[in-house]
A.B. asks: 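One structure coming up, written as structure tokens, with questions to follow.
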Amino acid sequence: MLPITLRKRLNDRIASDSLRKLGRHGDLVDFSSNDYLGFSASEEIYNRALAILKENRIQKNGATGSRLLSGNHELFAITESFISNFHKSEAALIYNSGYDANLGFFGSVSQRGDLILYDELCHASIRDGIGMSYARAQKFRHNDANGLSEIILKSKAKYANIYVVTEAVFSMDGDAPDLRMINSICEDNGAYLIVDEAHAVGVTGTGSGLVQELGLEDRIFARVITFGKALGCHGAAVLGSRSLIEYLVNFSRSFIYTTALSPHAVATILAAYEALSQITEAKDPTELTALKSNISIVRTRVNNCELGAFFLPSDSAIHSLIIQGNDRVKELSVFLARNGYDVKPILSPTVPKGRERLRICVHSFNTASEIEQLTGILNKALF
Ligand SMILES: Cc1ncc(COP(=O)(O)O)c(C=O)c1O
């Protein structure tokens, strides 16, 4: 039994061919997960996480409470310190997920009398966090730094604080903003910049993300990093000043009113970060080199065939092929699955109508021949 209003919403989804369903994990070649470096299946990280628990004499399955009550086990401080060193930030605060981090950050930091400006393609978790805040919110056109500047100049006098949020790599388009320019606009106007690095950590630059790649770590108000993508595990953190972290501990509801991550989850985050820092310090960073080489194979392959015109430009691990219509994009995804490839269709309303797409995620562990075959099959199917 479902209330009629809810049944109608589901029926509307069915009618527009956009009903979401939980899929089954198949045996296909992975061109869809966020596991960019293959860390989720790393035996070394798995074993190292167990060793960390042993070294710290922790034999517990759960955190037993919020971090403000009984849940703040010792691995949090160790891991937050490792992460803030790695990311060159004054402090770090771990959340249960990136969704929670964005909800808790934007829901508590921006206040009535403030303005939040967000890129129109920002992730749902950012928009939901903004929705929880009493601040006024306005979107700016995707990656349009000049448009952002105009809004700031017009609004500056009316608001106590202006917050600007963008992503280092956009989760659906795979592109990046001109962060230097956005940062200087914010600095010139006293606005606070927040960068969500979910899809850049482990991928951009030497793996530490876009902010560090550009040397902006001391000039940005906050970064959100997540561990469910290239780190291959789960959770997230806000990076910022000690006073910002103190504020979040006191006011961020998704941090306060939830059971903390288990010791095992935090040990896995630490082990994954140790692995990432080994990669970034190595002269020949294996997984990262393989990932970057695969990204460039995809770009070359795509640009050398008719498909090229339909791909969004991207230097990241995310490559989106625009195919209008939920039915068409779903059909193509099923066709690829029959050929052994897991590429997810991204439907409207997740993306705007007419911008439906196949979202190809490239990994360190994909082979050149898998990439050649996938792009070859797609080119044949579409032309
Ligand atoms: C840009 C961005 N921010 C935040 C999140 C949420 O992160 P998590 O999966 O850890 O909840 C995602 C997840 O897809 C994302 O793409």
Side-chain angles (χ1 to χ4, degrees), residues 20 22-23 30 32-37 39-40 79 83 87 92-107 109 116 118-132 139 142-143 163-177 179 182 193-204 209-211 220 222-240 248 252-255 258-262 265-266 268-269 272-273 276 312 314 316-320 344-347 349-351 357 359-363:
R20 293 178 170 125
L22 293 173
D30 180 2
S32 84
S33 81
N34 299 319
D35 188 18
Y36 303 125
L37 297 170
F39 275 17
S40 82
T79 307
I83 288 172
H87 284 294
L93 186 70
I94 293 180
Y95 280 75
N96 288 3
S97 71
Y99 188 85
D100 282 357
N102 279 328
L103 219 58
F105 182 92
F106 291 100
V109 167
I116 313 179
Y118 62 100
D119 187 291
E120 63 183 342
L121 294 192
C122 273
H123 190 257
S125 55
I126 296 172
R127 284 185 280 119
D128 288 358
I130 291 172
M132 291 177 75
K139 59 186 173 193
H142 181 50
N143 284 341
Y163 295 96
V164 173
V165 52
T166 188
E167 296 180 15
V169 169
F170 280 86
S171 59
M172 288 299 149
D173 284 25
D175 58 350
L179 201 61
I182 290 183
L193 178 59
I194 300 105
V195 182
D196 182 326
E197 295 251 27
H199 296 276
V201 172
V203 179
T204 302
L210 182 61
V211 170
I220 271 165
R223 284 173 273 171
V224 175
I225 53 169
T226 68
F227 313 137
K229 324 286 184 208
L231 270 302
C233 44
H234 193 83
V238 172
L239 308 177
L248 294 173
S252 178
R253 296 172 71 81
S254 66
F255 174 82
T258 189
T259 301
L261 286 178
S262 69
V266 182
T268 308
I269 294 166
Y273 256 98
L276 183 60
L312 300 177
S314 156
S316 74
I318 300 165
H319 298 265
S320 282
K344 292 285 182 284
I346 308 292
L347 310 178
T350 300
V351 288
R357 65 199 60 188
R359 180 174 178 265
I360 298 173
C361 294
V362 187
H363 310 95

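Numbering of ligands and ligand atoms starts at 1, following listing order.
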A.B. asks: Tell me: protein heavy atom nearest atom 3 (N) of ligand 1, and distance?
C.D. replies: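 Checking every protein heavy atom, the shortest distance to atom 3 (N) of ligand 1 gives D196 OD2, 2.6 Å.
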A.B. asks: Sort out for me which residue in S254, S125, S97 forms a side-chain hydrogen bond (donor to acceptor under 3.5 Å, both in side chains) with N102.
C.D. replies: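 Testing N102 for a side-chain hydrogen bond (donor to acceptor under 3.5 Å, both in side chains) against S254, S125, S97 leaves exactly one candidate, S125.
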A.B. asks: At less than 4.0 angstrom from any non-hydrogen atom of Y99, what atoms of ligand 1 do you find?
C.D. replies: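 Under 4.0 Å from Y99, ligand 1 has these atoms: 6 (C), 7 (O), 8 (P), 11 (O).
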A.B. asks: Under 4.0 Å from a heavy atom of A198: give me the atoms of ligand 1 that qualify, with their elements.
C.D. replies: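 So the atoms of ligand 1 that pass are 1 (C), 2 (C), 3 (N), 15 (C).
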A.B. asks: Heavy atoms only: give me the nearest R357-S320 pair and the separation to one decimal.
C.D. replies: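 Closest heavy-atom pair between R357 and S320: CD-OG, 3.5 Å.
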A.B. asks: Closest heavy-atom contact between A92 and I83?
C.D. replies: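 Closest heavy-atom pair between A92 and I83: CB-CG2, 4.2 Å.
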A.B. asks: A side-chain contact here means heavy atoms from C-beta on lying under 4.5 Å apart; do H87 and V201 qualify?
C.D. replies: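 H87 reaches V201 side chain to side chain.
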A.B. asks: Looking at H199, H142, H123, which one forms a ring pair (Phe, Tyr, Trp, His ring centres under 6.0 Å) with F170?
C.D. replies: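 So the option named by the test is H142.
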A.B. asks: In this structure, is the centre-to-centre distance between the rings of Y273 and F227 below 6.0 Å?
C.D. replies: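 Yes: the rings meet the under 6.0 Å criterion.
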A.B. asks: Ligand 1 and T226, any nitrogen or oxygen pair closer than 3.5 angstrom?
C.D. replies: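 T226 vs ligand 1: no N/O contact under 3.5 Å.
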A.B. asks: Compare every heavy atom of V238 with every heavy atom of Y95, then report the nearest pair and how far apart it is.
C.D. replies: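 Answer, listing the atom of Y95 first, then V238: CE1-CG2, 3.7 Å.
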A.B. asks: For D119 and N143, which heavy atoms make the closest approach, and how far apart are they?
C.D. replies: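 Between these two residues, the closest heavy atoms are OD2-N, 2.7 Å.
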A.B. asks: Show which atoms of ligand 1 fall inside a sub-4.0 Å distance from at least one heavy-atom site of N102.
C.D. replies: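 Answer for ligand 1: 3 (N), 4 (C).
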A.B. asks: One residue to check: D100. Relative to ligand 1, which of side chain, backbone, both or neither has a non-hydrogen atom less than 4.0 Å away?
C.D. replies: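 Under 4.0 Å from ligand 1, D100 contributes no heavy atoms.
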A.B. asks: If you measure from each heavy atom of S125 to ligand 1, is any distance below 4.0 Å?
C.D. replies: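 It does; at least one heavy atom falls under 4.0 Å.
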A.B. asks: Which is closest to atom 9 (O) of ligand 1 by heavy-atom distance: H199, E167, H123, K229?
C.D. replies: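 Nearest option to atom 9 (O) of ligand 1, by heavy atoms: K229.
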A.B. asks: Would you say H234 touches ligand 1, if touching means a heavy atom closer than 4.0 Å?
C.D. replies: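 Outside the 4.0 Å threshold, so no.
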A.B. asks: So, regarding G98 and ligand 1 (criterion: nitrogen or oxygen to nitrogen or oxygen, under 3.5 Å), is there a contact or not?
C.D. replies: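 Looking only at distances, the answer is yes, because the N/O contact criterion of under 3.5 Å is met.
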A.B. asks: Which of the atoms in ligand 1, numbered in the order shown and given with their element, are less than 4.0 Å from a heavy-atom of S171?
C.D. replies: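 In order of numbering, the contacting atoms are 16 (O).
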